[in-house]
Number of protein chains: 2
Amino acid sequence: MRPTVHDIAAEAGVSLATVDRVLNNRPGVRSVTRDKVERAIAALGYVRDVAAANLAKGRTYPLIFILPAGENSFMRGLEAEVRAAMARSAAERTDITILSVPAFDAPALAAALLDAREQRPAGVAVVAVEAPEVAEAVKRLREDGIAVVTLVSDLPGSERDHFAGVDNIAAGRTAGSLMGRFLGGREGPVAVLAGSMLVRDHCERLEGFRAVMSEDFPGRRILPVVEGQDNPALVETLVDTLLDKHRDLAGIYSLGAGNRGLVSALEKAGRAKAICAIAHELTPHSRAALVTGTIDALLNQNAGHEVRSAIRVLKAKADGLSVIAAQERIRIDIFLKDNLPVEQA
Amino acid sequence: MRPTVHDIAAEAGVSLATVDRVLNNRPGVRSVTRDKVERAIAALGYVRDVAAANLAKGRTYPLIFILPAGENSFMRGLEAEVRAAMARSAAERTDITILSVPAFDAPALAAALLDAREQRPAGVAVVAVEAPEVAEAVKRLREDGIAVVTLVSDLPGSERDHFAGVDNIAAGRTAGSLMGRFLGGREGPVAVLAGSMLVRDHCERLEGFRAVMSEDFPGRRILPVVEGQDNPALVETLVDTLLDKHRDLAGIYSLGAGNRGLVSALEKAGRAKAICAIAHELTPHSRAALVTGTIDALLNQNAGHEVRSAIRVLKAKADGLSVIAAQERIRIDIFLKDNLPVEQA
DNA sequence: CTGTTAGCGCTTTCAG
DNA sequence: CTGAAAGCGCTAACAG
């Protein structure tokens, strides 16, 4: 049987309360006593039963998730994952609220953060837009002892505790590597389609993509980036134009959302098979396009992992604990038509 | 505050003990009483606090992992993950033992299973070798109420409760898809290197690979499969021969282990860059070869995920609970030099 | 500064 | 068949 607080109290010749004080390094213990207890802990190889501690504490973690509104499938999937986490709230001792804000709107986001602050949550997870006022709002939250985690898109240089998302430079590089190899010796330029250069994740993907293309495939021309605001209708128009203007287009890297527009444009132009398309995020639409071959490869971040990681980190930070960074690293999934996960119910 | 057993006892007008009997559907409750309690549970929307239940039960799960011996890096990594899980034993209420058996040795594996059975564990996780005597041993365990999960390599048709591993047909298809696209119009045949056709995972990868090559790249010649027993030295000799015999070799798919041998053979022949190599499992060696470009792509199964999943499933099965299959599905990771995870300490 | 005591939500004897 | 009471390992008042 593994040792309990009773055992260590007995071993150290003190009471349970004192052991508890040492364990949770609460003040009010003479250092001699503290030493005795610590020796006992070490001697018995005590490890605290976290479940029992939580039960006794009855602590819950009020958490707020701030997500962009709109019909972006990835974001709606992310929201679904947050709702799934809400369903597990009881078991995980969390109490989650979702706040919705317009996409790519820094003032609205800053306001939402301050709004969240009023509710005095233990932590806030936010899909960031890169702007000084947002960083400033994050700072205010931190000053109030509220843990802040950026989700999907980061806010470097701010005081956020952690970023729960993928390495977007690596994602862009991966896209570039696949694009270059898939095209092989085929002639023609490659177009790049982003959502907005206001969000960090899109900028970083572009940076990684360009880096690999120029390092490993220097002969390939990359067209200037086009911004579709993650809006399918706008994306479709933009791609229509691209296809029309560049009859020899060899590939398209879509690093943002709105892939429905990309897919329709390619298909109606009858160039779905001829053009190598690489996009991000596995959604019902992008999945279908991968299966038919309109999209050749899909990079994905697992929204479920991101949400669960954000929650774990927020809870840890709220308790002043550190996290094992490596363990919270989010992988970049690569999907081809051949390794698609089975569809969920 | 969410309802507790007390609330439902009060609501139903019975005692705690009766509520508990109903909750865990233990016998000795009149069906009228049972109904009353169940109505109360439904009315209050009660959800049991699993942590508290475990605390009260003080239950632990003795588990046995049976792993192949030898210096196969992937298997040693798997073992390291099992040891990591052992370190978490206290928190997870598990008590894990590792049994080591010679690789690809069905009689030894069957004996080990029977050996494990003597220790009356709650569950056994085993890297299977496909043979009737192994299936028979699994059956004996199940008859004794011991949960059995196959790990990495499955034993279909046996009575194992679950398989914790990747879809190896999909893995083979993915390898084929990448190989076909990476080669593009380049001429030359593709070689396939396996460990042993006695293990299910290798057979399935081969099947998937061949399927995609014939469907999507019918012009490409696939050489007969060569078995390297997951042994680097043997693999090296075999690849030496292949390289010598096929001066126009365009690609190699290594679907088993022993990649050290593959890498040295390619490098010493000076054909590392010219030949497209796709292999399995991220190990220190394969990682290095991916970075230098000797290996072009690596398919990987996350050993940590597999071990944790196996443990979750074994615990659930031991308690007679079902698992959400989708949640326990293990993904196939694809690594290029550009999306390698940061090296762990 | 330290100890006593009463729980957290659930399970488990042991009586009745 | 049902109930009362003790306790899992830990924490939190409240006394001393």
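The figures here come from the full heavy-atom set of this structure, side chains too, leaving out hydrogens, waters and symmetry mates. Order of the sequence lines sets the chain letters (A, B, ...), proteins ahead of strands, with each chain counted from 1. Predicted, not measured: the structure shown is a model, and the values here were computed from it.
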Whole angstrom value for the distance that separates [atom2] of [N] from [atom1] of [X]:
X     : N      : atom1 : atom2 : result
B/H6  : D/dA6  : NE2   : C1'   : 12 Å
B/D20 : D/dG7  : CG    : P     : 18 Å
B/D7  : C/dC8  : CG    : P     : 11 Å
B/I8  : D/dT2  : CD1   : P     : 14 Å
A/R93 : C/dC8  : CZ    : P     : 12 Å
A/R21 : D/dA13 : CZ    : P     : 12 Å

- Just checking A/V19: base, sugar-phosphate only, or nothing, at a heavy-atom cut-off of under 4.0 Å?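 Here A/V19 touches no strand at all.
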- Item | Touch class at under 4.0 angstrom, heavy-atom based, for B/V5 against every strand present | base
Measuring only between side-chain heavy atoms, which start at C-beta, is [X] closer than 4.5 Å to [Y]?
X      : Y      : answer
B/V29  : B/V37  : no
B/L63  : B/T97  : no
B/V129 : B/S153 : no
B/E306 : B/V152 : yes
B/R160 : B/D154 : yes
B/D7   : B/E11  : no
B/N25  : B/R34  : yes

- Query: Looking at A/T4, does any N or O in its side chain come under 4.0 Å of the phosphate oxygens OP1/OP2 on D/dG9?
  - Reply: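 For A/T4, the contact criterion (side-chain N or O under 4.0 Å from OP1 or OP2 of D/dG9) is not met.
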- Does a donor on one side chain and an acceptor on the other come within less than 3.5 Å for B/N24 and B/R48? yes
- Query: Under 6.0 Å from the six-membered ring centre of A/Y61 and within 45° of its axis: does the NZ or CZ of A/R59 meet both?
  - Reply: yes
- Can you find a donor-acceptor pair, distance only, under 3.5 Å between B/R2 side chain and C/dG9 base?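 Answer is no: no donor-acceptor pair is held.
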- Go through residues 42-59 of chain A and report each residue with a non-hydrogen atom lying under 4.0 Å from DNA chain C, sorted by number. A/L55, A/A56
- Query: Counting only non-hydrogen atoms, which of residues 31-39 of chain A are less than 4.0 Å from DNA chain C?
  - Reply: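 Those residues whose heavy atoms fall under 4.0 Å from DNA chain C, taken from residues 31-39 of chain A in numerical order, are A/T33.
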- Message: Nearest heavy atom decides the nucleotide; on that basis, is B/L16 or A/R26 closer to the 5' end of DNA chain D?
- Response: B/L16
- Message: Let's see if you can work this out: which of C/dG3, D/dG3, C/dC10 has an atom nearest to the side-chain heavy atoms of B/T18?
- Response: D/dG3
